Amino acid sequence: MEFSAKQIAELIGGKIEGDENAPVSSFAKIEEGQKGAISFLANPKYLHYIYETQSSVVLINDDTILDRPVSATLIRVPNAYESIAKLLQFYQSMQPRKSGIDSLAFIDPEATVEENCYIGAFAYIGKGAHVGEGSLIYPHAYIGDGATIGKNCQLFPKVTIYHGCRLGNNVTIHAGSVIGADGFGFAPNQEGYDKIPQIGTVVIEDNVEIGANTCVDRSTMGQTVLRKGVKLDNLVQIAHNVEVGENTVMSAQVGIAGSTKVGKWCMFGGQAGIAGHSTIGDKTMLAAQAGIPGNTKGNETLMGTPVMDIKKYFKSYAIFKMLPEMYKDLNELKKNLTSKLQG
């Protein structure tokens with residue numbers, strides 16, 4: 001399907017510089033642009049590509065200053081990144097939608113599947129489970145007994161939803177993720193460890209997206225909860241009885257230990273780790289590999305293990321890098337001082 005630069009600008013509220021009839025039929029990164037493609041420029045590091053890209057149309061921020069002409073038609077918008085996201089969502093909405101129940105799927109007679117759902121081959125829907133209207137359950141996905149899937153959810157291949165877990169509306173879970181496996185609960189005894197039964201559940205609210213091979217463990221008692229709008233990357237571990245606040249996002253390999261409460265609008269970089277029974281304040285920003293041994297106040301950016309304010313971390317690191325030279329100088333001073341005292 002083909003659109004003109006003018007049609008695109010009207011859709012996203014942009015201003016055209018160049019040929020308003022320039023045709024667009026595909027997307028491309030600005031450095032890999034080609035005729036008929038639309039690209040975007042949001043990061044100043046990529047500015048030089050705009051002068052050489054072969055893309056027909058490029059979205060750029062209103063405040064981007066160019067020092068020479070470009071061949072592409074430009075569409076200026078307040079935020080190019082948000083605008084390209086809107087276009088990609090529009091494009092995705094136009095793709096053919098899967099529907100129907102494959103003859104090789106298993107649906108328990110006491111399960112409920114609402115209208116306009118897709119249930120792929122070898123998917124399993126257990127006793128008393130409920131799948132909401134318009135949800136897509138891809139092949140080999142597993143929905144355990146009594147689990148609830150809301151409206152317009154997507155469970156990709158080999159997603160496992162254990163018994164009794166509850167998903168809200170518009171939840172997307174990518175391949176291989178496991179929701180509701182037992183939390184890591186063991187009590188030491190003289191011979192080893194006793195298993196502590198994990199009798200709680202997992203609740204995932206609306207508009208949550210979870211990446212591939214991520215695990216959200218069921219609670220010992222009560223609920224492990226992901227509030228609305230949470231986004232988890234691949235390979236994230238959410239332990240038992242954790243609560244993650246609204247619109248918090250976590251990059252790959254983040255680990256949250258048991259019974260931790262994470263606030264709203266937090267952002268965690270890759271491999272950040274949080275100790276159990278901690279409270280993380282709203283809008284806490286963690287750099288990659290940050291280690292949190294306890295509570296945070298919120299509205300702060302932290303780095304290091306254990307963490308400190310990111311500005312203090314950089315100042316401390318500047319000193320840390322000089323420690324070998326400082327140690328050498330200190331030894332020289334001690335040697336000279338000892339020599340003088342002995343002389």
Side-chain angles (χ1 to χ4, degrees), residues 126 128-130 132 141-150 153-156 158-187 195-268 272-282 284 286 292 294-296:
H130 178 91
Y142 172 93
I143 300 172
D145 294 351
T148 300
I149 311 299
C153 292
Q154 294 186 81
L155 305 186
F156 283 95
K158 298 185 179 179
V159 166
T160 298
I161 309 296
Y162 274 62
H163 60 279
C165 295
R166 304 200 303 274
L167 277 59
N169 302 323
N170 305 308
V171 173
T172 297
I173 304 180
H174 290 277
S177 288
V178 178
I179 309 301
D182 279 0
F184 192 65
F186 298 91
K195 167 82 171 181
I196 300 174
Q198 307 290 292
I199 62 172
T201 188
V202 174
V203 174
I204 297 176
E205 295 186 349
D206 298 348
N207 304 315
V208 170
E209 181 154 348
I210 296 174
N213 294 317
T214 283
C215 295
V216 182
D217 290 349
R218 72 192 311 110
S219 55
T220 308
M221 292 176 280
Q223 302 171 343
T224 301
V225 183
L226 305 185
R227 298 295 181 193
K228 65 180 182 180
V230 166
K231 314 297 182 189
L232 305 182
D233 198 359
N234 305 333
L235 297 166
V236 170
Q237 164 65 22
I238 305 295
H240 57 191
N241 293 93
V242 167
E243 180 178 340
V244 179
E246 295 177 10
N247 300 308
T248 283
V249 297
M250 301 182 192
S251 295
Q253 298 182 23
V254 166
I256 313 295
S259 299
T260 289
K261 307 300 180 187
V262 178
K264 304 174 183 178
W265 290 103
C266 295
M267 298 181 70
F268 297 168
I274 300 176
H277 302 274
S278 300
T279 298
I280 307 303
D282 296 346
T284 295
L286 301 182
I292 312 294
N295 301 340
T296 71

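Model, not experiment: these values are computed from the prediction. The residues of the chain are indexed from 1 along the displayed sequence.
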**OP:** Could you tell me which non-hydrogen atom of H277 sits nearest to which non-hydrogen atom of N295, and how far apart they are?
**Re:** O-OD1, 4.3 Å
Subject >> From I161 atom CD1 to I204 atom CD1, the distance as rounded to the nearest 0.5 Å >> reply: 6.0 Å
**OP:** For residues S177 and G211, report the shortest heavy-atom separation together with the two atoms involved.
**Re:** OG-O, 2.5 Å
**OP:** Calculate, to the nearest 0.5 Å, the distance between atoms CG and CG belonging to L167 and N169 respectively.
**Re:** 10.0 Å
Original post:
When you measure from the side chain of T220 to the backbone N and O of G200, does any donor-acceptor pair fall under 3.5 Å?
Top reply: no
Original post:
Between G185 and Q198, what is the shortest heavy-atom contact and its length?
Top reply: CA-NE2, 4.0 Å
Original post:
Roughly how far apart are N170 CG and E209 CD, rounded to 0.5 Å?
Top reply: 11.0 Å
**OP:** Could I get the full list of side chain to side chain contact (heavy atoms under 4.5 Å, CB included) partners for K264, not counting sequence neighbours?
**Re:** E246, D282
**OP:** To the nearest 0.5 Å, tell me how far I179 CD1 sits from I210 CD1.
**Re:** 4.0 Å
**OP:** List the atom of G180, the atom of C165, and the distance in Å for their closest heavy-atom pair.
**Re:** CA-SG, 3.7 Å
**OP:** Could you list the residues that satisfy ring pair (Phe, Tyr, Trp, His ring centres under 6.0 Å) with Y142, not counting sequence neighbours?
**Re:** Y124
**OP:** Mind checking side-chain hydrogen bond (donor to acceptor under 3.5 Å, both in side chains) for S259 and listing every partner two or more places apart, or none if nothing turns up?
**Re:** none
Original post:
Quick one: salt bridge (charged side-chain N to carboxylate O under 4.0 Å, His left out) pairs with a partner in residues 166-185, sequence neighbours left out?
Top reply: D182-K195
Subject >> Counterpart residues, side chain to side chain contact (heavy atoms under 4.5 Å, CB included), relative to T284 (two or more places apart) >> reply: C266, I280, L286, T296, L302
Cut-off 3.5 Å, no hydrogens considered: what does the side-chain donor-acceptor table look like for residues 222-239, sequence neighbours left out?
residue	atom	partner	partner atom	Å
T224	OG1	D217	O	2.8
T224	OG1	S219	N	3.4
T224	OG1	N241	N	2.9
R227	NE	E243	OE2	3.2
R227	NH1	E205	OE2	2.6
R227	NH2	E243	OE2	3.2
K231	NZ	N207	O	2.8
D233	OD2	A252	N	2.9
N234	OD1	A212	N	2.7
Q237	NE2	D217	OD2	3.1

**OP:** Just jot down the ring pair (Phe, Tyr, Trp, His ring centres under 6.0 Å) partners of H174, sequence neighbours excluded, or say none.
**Re:** F156
Subject >> Spacing of CD belonging to Q154 relative to OG1 belonging to T172, to within rounding of 0.5 Å >> reply: 4.5 Å
Subject >> Heavy-atom closest contact (I143 atom, A147 atom, distance) >> reply: CG2-CB, 3.7 Å
**OP:** Please report the shortest heavy-atom distance between G168 and C153, naming the atom on each side.
**Re:** O-SG, 3.1 Å
Subject >> Interatomic distance, L155 atom CG to I149 atom CD1 [nearest 0.5 angstrom] >> reply: 5.0 Å
